[in-house]
Amino acid sequence: MKTLEIETSQIDMRDEVVSSLLKWYQENARTLPWRDSPSPYRVWISEIMLQQTTVATVIPYFSRWMIDFPDIKSVAEASLDEILKQWQGLGYYRRAQNIHKAANIMVEYFDGEVPEDKETLKTLPGFGPYTTAAVLSIAFGQREAIVDTNVRRFIMRLLGREGIADSKQDKWIREYLEFLMPYKEMRSFNQSLMEIGALICPSKTPKCLICPVQKNCKAFHLGLQDVIPITKKKKLEKIDAGLAVIHDKKKFYIQKRPAKGLWANMWEFPGGKREERETLEETVRREIKEEVGIELSHVVFFSKIRHFYTHFDVSLHVFICETNDFIEESEVAAWVSLEEMKKYPMPSANGKILDQLREHFV
DNA sequence: AATCCGGGGAG
DNA sequence: CTCCCAGGATT
């Protein structure tokens with residue numbers, strides 16, 4: 001795994017990012033039940049409930065829980081059946097059992113309070129790296145880095161780090177957060193990271209245009225916000241491809257594939273697979289130069305199309321392009337209208353593009 | 001390092 | 001339908 005290198009420019013932007021996040025959070029934080037009087041107990045329960053569970057799902061469970069179990073002592077005194085009944089429908093029921101165990105430990109050894117010491121806290125059932133740091137920072141204001149799925153994705157995009165968003169990334173992310181974190185307002189700062197991940201920088205369709213740290217976001221500047229991070233779950237290999245719809249007024253350039261191999265003798269728009277550290281526009285310009293031998297004068301993003309094959313999950317990033325160079329027609333190269341294109345056999349992913357082009361070029 | 005553990009909601 | 005979500009424990 002790549003190691004983190006703090007560049008000088010990042011030191012300059014640190015204070016700017018931190019203050020932007022805090023200001024944005026102050027103005028945009030959702031009012032959530034656990035943010036009212038955030039006692040260590042309430043923060044703890046909310047963090048456990050929110051593991052792999054959406055905010056909307058948790059809200060009614062949290063409210064009910066706090067009515068029936070207003071403090072740690074009441075949790076410890078309840079039976080496991082009562083605890084599990086409260087948890088019914090939330091899933092991951094080991095979480096409820098861990099709360100029950102931890103509450104009993106807190107009552108027996110810590111005067112019925114949530115321990116404020118990191119080394120102690122992380123030994124309790126259900127307190128992993130994330131939850132431990134979340135409780136210490138949000139409930140006690142300690143300077144502890146939290147890395148959840150929101151923070152992971154947000155930081156990967158902020159620094160333009162490509163890769164799969166899994167826990168293998170956490171080492172360098174924590175290292176970066178150690179650098180980034182302020183020494184004041186840790187309660188708000190850590191929550192701002194998660195909040196911006198949830199509201200502005202979600203996995204799909206990030207709202208870069210209204211993002212408070214847009215000017216400091218490397219992914220945005222490289223146009224890679226839809227590429228970072230790669231998701232893991234699928235066994236399918238994920239491929240990002242840049243594809244050029246080169247047109248001269250209403251004629252479009254397509255080319256024929258070789259007689260052997262994948263999609264033999266089929267026609268398609270030129271383009272290819274994005275290489276590491278390459279923006280999609282760079283992919284298109286490179287591929288067109290390699291395949292067609294010309295330079296593009298205009299390259300404008302048009303649409304993204306996802307297509308599944310047996311072993312690949314391909315995201316086709318389509319660019320509308322123009323060129324001042326001459327492209328000669330041949331047996332394997334043609335300039336055709338959208339209507340004429342119906343006669344050319346094309347892979348099905350290209351068919352989706354045709355539908356969009358027919359809408360665009362009325 | 002992989003796998004298991006739930007369920008609801010969005011697209 | 002698939003993907004995603006304030007992860008942790010176990011193997």
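Order of the sequence lines fixes the chain letters, A, B, ..., with proteins taken first and strands second; residue numbering starts at 1 for each chain.
Asp148(A) has its CG atom 10 Å from the C1' atom of dC5(C), to the nearest Å. The separation between Ile164(A) atom CD1 and dA1(B) atom P is 13 Å, rounded to whole Å. Counting to the nearest Å, the P atom of dC4(B) and the CD atom of Gln52(A) are 15 Å from each other. Atom pair Phe127(A):CZ and dA6(C):C1' shows a separation of 14 Å (rounding to whole Å applied). For the pair Ile48(A) CD1 and dC5(C) C1', the computed distance is 16 Å after rounding to whole Å. Residue Leu50(A) contributes atom CG, which lies 15 Å from atom C1' of dC4(C) at whole-angstrom precision. Straight-line distance from the CZ atom of Arg153(A) to the P atom of dG7(C): 10 Å, rounded to whole Å. Atom-to-atom, CG of Asp166(A) to C1' of dT3(B) comes out at 14 Å; the value is rounded to the nearest Å.
dA9(C) and dG8(B) are spaced 23 Å apart, taking the C1' atom of each and rounding to whole Å. Distance check on atom P: dA6(C) versus dG11(B) gives 14 Å, rounded to whole Å. Taking atom C1' on both dG8(C) and dG9(B), the two are 23 Å apart, rounded to the nearest angstrom.
Place Leu124(A) and Asn150(A) on DNA chain C by their nearest nucleotides, and Asn150(A) ends up nearer the 5' end. For the pair Thr54(A) and Lys204(A), nearest-nucleotide mapping onto DNA chain B gives the more 5' position to Thr54(A).
As judged by a 4.0 angstrom heavy-atom cut-off over every strand, Thr131(A) is placed among residues touching the sugar-phosphate backbone only. Within the nucleic acid shown, Trp44(A) has no heavy atom closer than 4.0 Å to any nucleic acid atom. Pro202(A) comes within 4.0 angstrom of no nucleic acid atom, judged by non-hydrogen atoms across all strands. If you check every strand for non-hydrogen atoms under 4.0 Å, Arg152(A) touches nothing. Residue contacts shown for Ser203(A) are limited to sugar-phosphate atoms, with no base heavy atom under 4.0 Å away.
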Which donor-acceptor pairs under 3.5 Å do side chains of residues 202-216 of chain A form with protein atoms, sequence neighbours excluded?
residue   : atom : partner   : partner atom : Å
Gln214(A) : NE2  : Cys208(A) : O            : 2.9
Lys215(A) : NZ   : Glu16(A)  : OE2          : 3.4
Asn216(A) : ND2  : Glu16(A)  : OE2          : 2.9

Side chains of residues 138-147 of chain A: which donor-acceptor partners sit under 3.5 Å, not counting sequence neighbours?
residue   : atom : partner   : partner atom : Å
Gln142(A) : NE2  : Glu116(A) : O            : 2.9
Arg143(A) : NE   : Met181(A) : O            : 3.4
Arg143(A) : NE   : Pro182(A) : O            : 3.2
Arg143(A) : NH1  : Glu178(A) : OE1          : 3.3
Arg143(A) : NH2  : Glu178(A) : O            : 2.7
Arg143(A) : NH2  : Met181(A) : O            : 2.8
Glu144(A) : OE1  : Lys118(A) : NZ           : 3.1

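Across Val43(A) and Pro38(A), no two heavy atoms sit closer than the pair CG2-O, 3.8 Å.
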Legend entry - Audit row: Asp248(A), Lys251(A), salt bridge (Lys or Arg N to Asp or Glu O under 4.0 Å) steps and yes/no: CA-CA 5 Å; Asp248(A) 182 2; Lys251(A) 291 279 192 177; over 6 Å; no
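Between Pro40(A) and the choices Ile72(A), Val114(A), Leu136(A), the side-chain contact (heavy atoms from CB on, under 4.5 Å) rule is met once, by Val114(A).
For Thr149(A) and dG7(C), a side-chain-to-base donor-acceptor distance below 3.5 Å is absent, hydrogens and geometry of angles not being considered.
Side-chain heavy atoms closer than 4.5 Å link hydrophobic residues (I, L, V, M, F, W, Y) into clusters, and following such links, even through other members, never connects Val17(A) to Phe220(A).
The aromatic rings of Trp87(A) and Trp65(A) sit perpendicular to each other, their planes meeting at more than 60°, with 30° as the lower class boundary.
Taking a 4.0 Å limit (strictly below) on heavy-atom distances, residues 89-110 of chain A reaches DNA chain C at Tyr92(A), Arg94(A).
Electrostatic pairing of Lys343(A) and Glu340(A) does not count as a salt bridge here, judged by no charged N lying under 4.0 Å from a carboxylate O.
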